[in-house]
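Reminder, nothing fancy here: chain letters follow the sequence lines and each chain counts from 1.
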Amino acid sequence: MTQKTNLNEEDIDLEKSLQFSLSPVQPNPEFVCRLRGRLIEPPSIMIEPRKTAAAFVVVTLGLFVGVFFVWLIRAIFKNN
Amino acid sequence: MSDLTDDSVLERAAHGDTEAFSVLYERYVKRIYNYIYYRTGNTFDAEDLTAKVFFRAFGHINTYRNMGVPFSAWLYRISHNLVANWHRDNSRRQEVPLDDHSNFFPKTDHPEMALEKNQETELLLLVIRKLPAERQQLLILKFVEHLSNAEVAVIMSRSEGAIKSLYHRTLLSLRDEIEKTEKVEKVNEDTK
């Protein structure tokens with residue numbers, strides 16, 4: 001029983017130390033203000049949407065031209 | 001809008017009202033910062049992670065569903081996860097000591113007493129940061145945020161009884177750890 005009472009007293013002392021040591025801190029007001037601005041204001045950098053259709057046309061055209069040239073060169077050598 | 005309850009403001013924020021989110025931000029930014037500050041131990045990472053918490057909350061506010069859990073609990077969970085990731089990423093790096101706490105000590109006419117108290121606080125903070133994450137969280141919520149066991153229970157998704165039990169075990173392990181650290185320090189001083 002005495003041990004339990006001592007334990008409780010020690011707990012109370014430790015709680016007092018915790019109350020003293022774990023005091024709330026104030027964030028830098030400039031940081032708080034700046035973060036609010038970043039959250040709420042729209043971003044100034046705009047990401048350009050991907051031009052998928054244009055990329056598809058360019059790749060297809062490139063492949064077509066490549067195949068055409070191969071066919072052309074083969075046809076020339078065949079005739080020779 | 002600042003007079004409105006969290007639920008009303010949340011509903012507006014979920015529908016894309018940035019002013020409503022701003023109100024929630026003002027209400028919780030200091031609490032979240034404090035929580036992260038005591039978990040990371042330095043201002044730089046506390047600011048960085050606080051920003052990440054609110055960006056994540058802002059990005060997912062439309063998916064937030066009020067299931068009887070307060071908005072603060074949701075923010076604390078995001079913070080807890082981000083701090084856990086931070087600790088995992090920095091596990092190989094040496095621990096950073098807490099910033100100077102001298103600003104929080106009451107001004108006294110006895111500098112020796114103040115110094116002694118300062119050392120005591122530093123030791124306690126060092127020992128707290130050795131505890132498992134959930135015990136650190138419990139101490140911060142109770143002593144920094146001054147939340148009741150019931151409120152802590154909601155945030156940590158446990159029963160009030162479980163929180164009381166965890167708190168008791170935390171005090172015991174904290175005291176053991178303090179004794180161990182003091183013994184080690186005494187041995188170090190004697191060998192010098």
Side-chain angles (χ1 to χ4, degrees), chain A residues 1-70, chain B residues 17-26 29-38 43-44 46-48 50-55 57-59 98-99 101 103-106 117-118 120-128 136 139-146 167-168 170-172 174-175 178-179:
Chain A
M1 188 68 193
T2 316
Q3 198 183 352
K4 191 167 174 64
T5 313
N6 287 340
L7 194 79
N8 287 338
E9 280 171 7
E10 284 178 357
D11 282 349
I12 291 163
D13 285 345
L14 186 55
E15 279 189 328
K16 279 180 189 169
S17 298
L18 284 167
Q19 272 165 3
F20 183 83
S21 303
L22 295 174
S23 47
V25 293
Q26 288 298 319
N28 183 352
E30 200 182 305
F31 157 74
V32 174
C33 192
R34 201 174 55 239
L35 179 57
R36 191 202 299 109
R38 281 170 61 202
L39 280 164
I40 288 153
E41 283 162 19
S44 54
I45 300 167
M46 295 294 286
I47 298 166
E48 210 173 298
R50 281 185 182 183
K51 292 171 181 172
T52 321
F56 181 75
V57 168
V58 168
V59 170
T60 311
L61 204 68
L63 280 170
F64 179 77
V65 169
V67 170
F68 175 74
F69 271 106
V70 169
Chain B
D17 186 343
T18 51
E19 199 189 331
F21 190 82
S22 172
V23 171
L24 291 170
Y25 170 78
E26 287 293 340
V29 65
K30 284 179 187 171
R31 287 169 63 178
I32 295 301
Y33 176 86
N34 264 277
Y35 174 74
I36 297 173
Y37 175 76
Y38 277 102
T43 314
F44 178 79
E47 289 186 354
D48 185 42
T50 303
K52 282 181 181 167
V53 168
F54 281 97
F55 272 110
F58 188 63
L98 275 167
D99 289 350
H101 266 66
N103 294 341
F104 309 123
F105 301 130
K117 209 73 186 161
N118 195 338
E120 200 181 303
T121 300
E122 276 182 18
L123 173 74
L124 190 58
L125 292 172
L126 189 79
V127 172
I128 289 170
Q136 287 185 48
L139 291 177
I140 295 166
L141 294 176
K142 271 185 85 73
F143 290 98
V144 182
E145 314 288 358
H146 302 292
Y167 178 59
H168 186 68
T170 302
L171 288 185
L172 287 175
L174 197 57
R175 209 166 47 229
I178 289 169
E179 279 171 15

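With a threshold of 4.5 angstrom between heavy atoms, B/Y167 approaches chain A through side-chain atoms but not through N, CA, C or O. With a 4.5 angstrom heavy-atom cutoff, B/E145 does not touch chain A via any of its atoms. Interface remark: B/L124 contributes side-chain atoms only to the contact with chain A (heavy atom separation under 4.5 Å). In this structure, chain A has heavy atoms under 4.5 Å from both the backbone and the side chain of B/F55. Contacts of B/V29 with chain A are made by side-chain atoms alone, with heavy-atom separations under 4.5 Å and no backbone atom involved. At a 4.5 Å heavy-atom cutoff, the contact between B/I128 and chain A is made by side-chain atoms alone.
B/Y38 contributes a side-chain N or O that, together with a main-chain N or O of A/S23, makes up a donor-acceptor pair within less than 3.5 Å. Checked by atom type and distance alone, the side chain of B/T50 pairs as donor or acceptor with a backbone atom of B/A46 at under 3.5 Å. Panel note: side chain B/D48, backbone B/F44; no donor-acceptor pair is recorded below 3.5 Å.
Paired with A/K16 under the rule side chain to side chain contact (heavy atoms under 4.5 Å, CB included), one option of A/L18, A/L14, A/I12 passes, and it is A/I12.
At least one side-chain heavy atom of A/D11 sits under 4.5 Å from a side-chain heavy atom of B/R175.
In this structure, B/F54 and B/Y25 have perpendicular ring planes: the angle between them is above 60°, well past the 30° mark.
Contacts with chain A were tallied for B/K142, B/K30, B/E47; B/E47 has the most, counting heavy-atom pairs under 4.5 Å. Interface remark: of the candidates A/L35, A/N28, A/V32, A/L35 forms the most heavy-atom pairs closer than 4.5 Å to chain B.
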